[in-house]
Engineer: 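Before I ask anything, here is the structure I am working with.
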Amino acid sequence: MTAEETSAATRPGGAAGTAMVRGERPKTGAAPFAPGEIFFSRTDGRGVIAAFNDVFVRIADYGAGDLIGAPHRIIRHPDMPKGVFHLLWEGIKAGHPIGAYVKNRARDGLHYWVFALVTPVEGGYLSVRIKPCGDLLPVVEAEYARALAAEAEGLSPEASAEAICGRLAGLGFASYAAFQTEALWQEMQAREAAVGRAPLRDLAALHRMVVEMRGLRAQTAELRHLLHGANLLTANMRIVAAKLAEGRRTISEIARSYGMMLGEVEAHVEGFGVFDRGAGRHAACTEEGGLFLLCAARLMEEVRADFAASAVVLEGVDHAAEGACLARVAEDYAARACAAMEAVSEQARLLRRNVEFLRRMIVGLSTVRIACRVESGMLAQRSAGLETIIARIDGLQDGIAAGLDRIDAACGAALTGLADWRGLGGGAAVRRAA
C-alpha cells in the first residue's frame, strides 16, 4: 500500500484519530501530526524496520513497502545531536526503556517532533511515539541546538551525552532517568489537554508522590550532613573535659556515652541509603521508575488498542503478530509498574517505622544531654567552652528532631499520593492491564 492509499484510509477515534490525506501536507515546515495520534515502529537488533502502523506511514510520507527492511535512520533529521542517540542506545542496550524527544524528517523533507518511548523487545526494539505538547519541548530544542553546535566543533557523541546530562542537572534533574520520567508525565498530561480531555488524575496523584519522595531524599541527605558534623561536638567535649579542674572524668564519660549513641543514630540514618537512586545516567529511584512504567503502560495499551482497531492492511506487516507483540509489552509494563508501586509503598512505610525508632533514640540522647547540663551547672568554676558545646548540642538535637518530622511528613504525603492513585482506580486499571 502506498503512502497516499494508507493516509486516505479511514481510521477510528473521532477527530483526534482521523487521518489526513496526503494533499493536506504543506510544502515546508512540520508534517501534519495531531496531538491525539499515536504511532509505533519496531526494528530488529540492527535498526532495520520490521513493522509499524499506518500513522507512521502517513506522517513519514513513505509507502509501507518502502519502510519494510529499510534502516530506521532514513527518518533521522540532521538537527538531532549524536549525543542524544548515544544516551538512547546506552540505555536500551542496558535493558532500560528510554524516553526521548526526537526530531525526525519525512520523505518529502517536512519535519516532525515526537516524544519516543523506546523499549527493548525480543530480537530488537519497539518505539512508540506521541506528539510533544508540553512546556519542555522549547527547552529541549534549545539544548539540542547547543549540543549540535558543540558536536560541529568536534565534541564526541559520548562527551555530548555527558554535557546534555550536565545541563539537565542544572535544570534540576538528578539523572537522565529523572528527566525522562518528568517529560513523559508532562507530555501525557499536556496531550490530554490538547485533545480536550480531562487531566489524568491518577497519574497526577502519583506525580505528587514522586515530588514528595524527592523532598524526602533531600531531607534525609540534610539529616546525614547534620549528623556527620555532630561527631566534632563530642570530640570537642572530650577536649574541654580534659582541661577541667573538676568533673573531668564525669564529663568525659558523658561525652563518650553521647558519642556512642550519636554513632548509633548516624548508622541508622545511613541505612536510609537503600532509598537512594543508583549510579549512572539511567539510574532511577523506585518511585520515578514506577511513574515512568505506569505512563509507559498507559501509552502501550493505547497503541495496542489503536492498532487492534485499525482495518488498514500494511504491506509486509503481520497484523496479528504485531498486535500480540504490543500486547506482551503492554502487559509487561503494567506488571512492572504494579510491582514498583508496591515497592514504593513498602519503602515509605519502612522509612516511617525507622523514623519512629530514631525518635526513641533521640529521647536517649536527650537524657545524656540533660545529664551533661546538670554536671556543668554543678561545677564550681563554670566552663564557657562547655556551655557553648552544650548549646550547640541543644541546637543539634532540635535539628535532628525537626529533620525527622519533615521526613515523616514527606512519607505521609507520599503514602497519601499512593492512596489517592488507588482511590482513583489507578491500581485496579494496572492490574487489569497486567
Engineer: Measure across S345 and R422 and return the closest heavy-atom pair with its distance rounded to 0.1 Å.
Structural biologist: CB-NH2, 4.0 Å
Engineer: Applying salt bridge (charged side-chain N to carboxylate O under 4.0 Å, His left out), name anything that partners R256, two or more places apart in sequence or on another chain.
Structural biologist: E253
Engineer: Rounded to the nearest 0.5 Å, how far apart are SG of C295 and CG of L184?
Structural biologist: 4.5 Å
Engineer: Is the gap between the ring centers of Y125 and H72 under 6.0 Å?
Structural biologist: no
Engineer: Measure the spacing between CG of L126 and CG of L117 and express it to the nearest 0.5 Å.
Structural biologist: 7.5 Å
Engineer: Report the C-alpha separation of E288 and R214 in whole Å, then their side-chain angles, then the decisive distance to 0.1 Å, and conclude whether the side-chain contact (heavy atoms from CB on, under 4.5 Å) test is met.
Structural biologist: CA-CA 9 Å; E288 284 176 353; R214 194 176 298 148; 4.2 Å; yes
Engineer: With the threshold set at 4.0 Å, does a side-chain nitrogen-carboxylate oxygen contact exist between E162 and R281?
Structural biologist: yes
Engineer: Just grab all the side chain to side chain donor-acceptor pair (under 3.5 Å) pairs involving residues 394-418, residues at least two apart or on different chains.
Structural biologist: Q219-R406, E222-R406, Y258-Q397, R352-D408, R359-D405, S366-Q397, R369-D394, R373-D394
Engineer: Judged by atom type as modelled, is there a donor-acceptor pair below 3.5 Å linking the side chain of W185 to the main-chain atoms of L203?
Structural biologist: yes
Engineer: Hey, is the main chain of D202 close enough, under 3.5 Å, to the side chain of H207 for a donor-acceptor pair?
Structural biologist: no
Engineer: Restricting to non-hydrogen atoms, name the atom on L87 and the atom on C165 that form the minimum distance, rounded to 0.1 Å.
Structural biologist: CD2-SG, 3.6 Å
Engineer: Can you tell me if E342 uses its side chain to pair, donor with acceptor, with the backbone of A339 under 3.5 Å?
Structural biologist: no
Engineer: After noting the C-alpha distance and the side-chain angles of R58 and E37, does the key distance pass the salt bridge (Lys or Arg N to Asp or Glu O under 4.0 Å) rule?
Structural biologist: CA-CA 11 Å; R58 191 205 80 236; E37 292 183 300; 2.7 Å; yes
Engineer: Evaluate the salt bridge (Lys or Arg N to Asp or Glu O under 4.0 Å) criterion for residues R146 and E141: first the C-alpha distance (whole Å), next the side-chain angles of each, then the deciding distance (0.1 Å), finally the verdict.
Structural biologist: CA-CA 9 Å; R146 184 185 300 179; E141 289 187 83; over 6 Å; no
Engineer: Name all residues meeting the side-chain contact (heavy atoms from CB on, under 4.5 Å) criterion together with A183; count only those two or more places apart in sequence or in a different chain, and write none if there are none.
Structural biologist: Y101, F115, L136, F179
Engineer: Using the test side-chain contact (heavy atoms from CB on, under 4.5 Å), find all partners of A147 that sit at least two apart in sequence or belong to another chain.
Structural biologist: P81, S160, I164, R167
Engineer: Okay, side chain of R349, backbone of V344: is any donor-acceptor separation there less than 3.5 Å?
Structural biologist: no
Engineer: Side chains of H282 and S175: donor-acceptor distance under 3.5 Å anywhere?
Structural biologist: no
Engineer: Are the side chains of R42 and F52 in contact, using a 4.5 Å heavy-atom criterion?
Structural biologist: no
Engineer: Measure the spacing between CD of E182 and CG of L171 and express it to the nearest 0.5 Å.
Structural biologist: 11.5 Å
Engineer: Considering non-hydrogen atoms only, spot the tightest contact between Q189 and L200 and give its length.
Structural biologist: OE1-N, 2.9 Å
Engineer: What distance do I390 atom CD1 and I370 atom CD1 have between them, rounded to the nearest 0.5 Å?
Structural biologist: 11.5 Å
Engineer: With rounding to the nearest 0.5 angstrom, report the CG to CD1 distance, L227 to I400.
Structural biologist: 4.5 Å
Engineer: Any salt bridge linking D332 with R328? Criterion: basic side-chain nitrogen under 4.0 Å from a carboxylate oxygen.
Structural biologist: no
Engineer: Is the backbone of L293 close enough, under 3.5 Å, to the side chain of R336 for a donor and an acceptor to pair up by distance?
Structural biologist: no
Engineer: What verdict does the side-chain contact (heavy atoms from CB on, under 4.5 Å) test give for M213 and C411, after you've listed the backbone C-alpha separation in whole Å, the side-chain angles of each residue and the deciding distance to 0.1 Å?
Structural biologist: CA-CA 7 Å; M213 291 292 280; C411 285; 6.0 Å; no
Engineer: Output yes when a side-chain donor or acceptor of Y112 lies under 3.5 Å from a complementary backbone atom of K131, and no otherwise.
Structural biologist: no
Engineer: Return yes if some donor-acceptor pair links the side-chain N/O of T388 with the main-chain N/O of A384 below 3.5 Å, else return no.
Structural biologist: yes
Engineer: Contact between Y333 and L299 at the side-chain level, heavy atoms closer than 4.5 Å - yes or no?
Structural biologist: no
Engineer: Which residues pass the side-chain hydrogen bond (donor to acceptor under 3.5 Å, both in side chains) test with R46, sequence neighbours left out?
Structural biologist: D44
Engineer: Thinking salt bridges, do E322 and R304 make one under a 4.0 Å N-O criterion?
Structural biologist: no
Engineer: Is any side-chain heavy atom of V329 less than 4.5 Å from a side-chain heavy atom of V128?
Structural biologist: no
Engineer: Kindly check if the number of other-residue, nucleotide or ligand heavy atoms within 6.0 Å of NE2 (H225) is above 12?
Structural biologist: no
Engineer: V48 versus T43: any side-chain heavy-atom pair under 4.5 Å?
Structural biologist: no
Engineer: Answer whether the closest heavy-atom distance between the side chains of F39 and F33 falls below 4.5 Å.
Structural biologist: yes
Engineer: Taking all heavy atoms of A177 and all of A283, pick out the closest pair and write down the distance.
Structural biologist: CB-O, 3.4 Å
Engineer: Keeping S310 on the side-chain end and D306 on the backbone end, is there a donor-acceptor pair under 3.5 Å?
Structural biologist: no
Engineer: Does the ring of F56 carry R129 above it, NZ/CZ under 6.0 angstrom from centre and within 45° of its axis?
Structural biologist: yes
Engineer: With side chains defined as the heavy atoms from C-beta onward, is the minimum distance between D61 and L110 less than 4.5 Å?
Structural biologist: no
Engineer: Determine whether N104 and H111 satisfy the following criterion, side-chain contact (heavy atoms from CB on, under 4.5 Å), listing intermediate values before the conclusion.
Structural biologist: CA-CA 6 Å; N104 291 141; H111 72 267; over 6 Å; no
Engineer: For I75 and A60, work out which heavy atoms get closest and say how close.
Structural biologist: CG2-CB, 4.3 Å
Engineer: Do you know which two heavy atoms are closest between I38 and N53, and how far apart they sit?
Structural biologist: O-ND2, 3.3 Å
Engineer: To the nearest 0.5 Å, what is the distance between CD1 (I98) and CZ (F85)?
Structural biologist: 13.0 Å
Engineer: Determine yes or no for a side-chain-to-main-chain donor-acceptor pair under 3.5 angstrom, with E266 supplying the side chain and R224 the backbone.
Structural biologist: no
Engineer: Is the shortest side-chain N to carboxylate O distance from R353 to E346 below 4.0 Å?
Structural biologist: yes
Engineer: Apply the test side-chain contact (heavy atoms from CB on, under 4.5 Å) to residues L418 and L206: give CA-CA distance (whole Å), side-chain angles for both, the deciding distance (0.1 Å), then the verdict.
Structural biologist: CA-CA 6 Å; L418 281 167; L206 281 184; 3.8 Å; yes
Engineer: Do the side chain of E187 and the main chain of G134 share a donor and acceptor less than 3.5 angstrom apart?
Structural biologist: yes
Engineer: So does E356 have more than 12 non-hydrogen atoms from other groups sitting under 6.0 Å from CD?
Structural biologist: yes
Engineer: Is there a side-chain contact between V118 and P97, using heavy atoms and a 4.5 Å cut-off?
Structural biologist: no
Engineer: What pairs with K103 under salt bridge (charged side-chain N to carboxylate O under 4.0 Å, His left out), at least two apart in sequence or on another chain?
Structural biologist: D79
Engineer: Heavy atoms, side chains only, cut-off 4.5 Å: are M188 and R298 in contact?
Structural biologist: yes
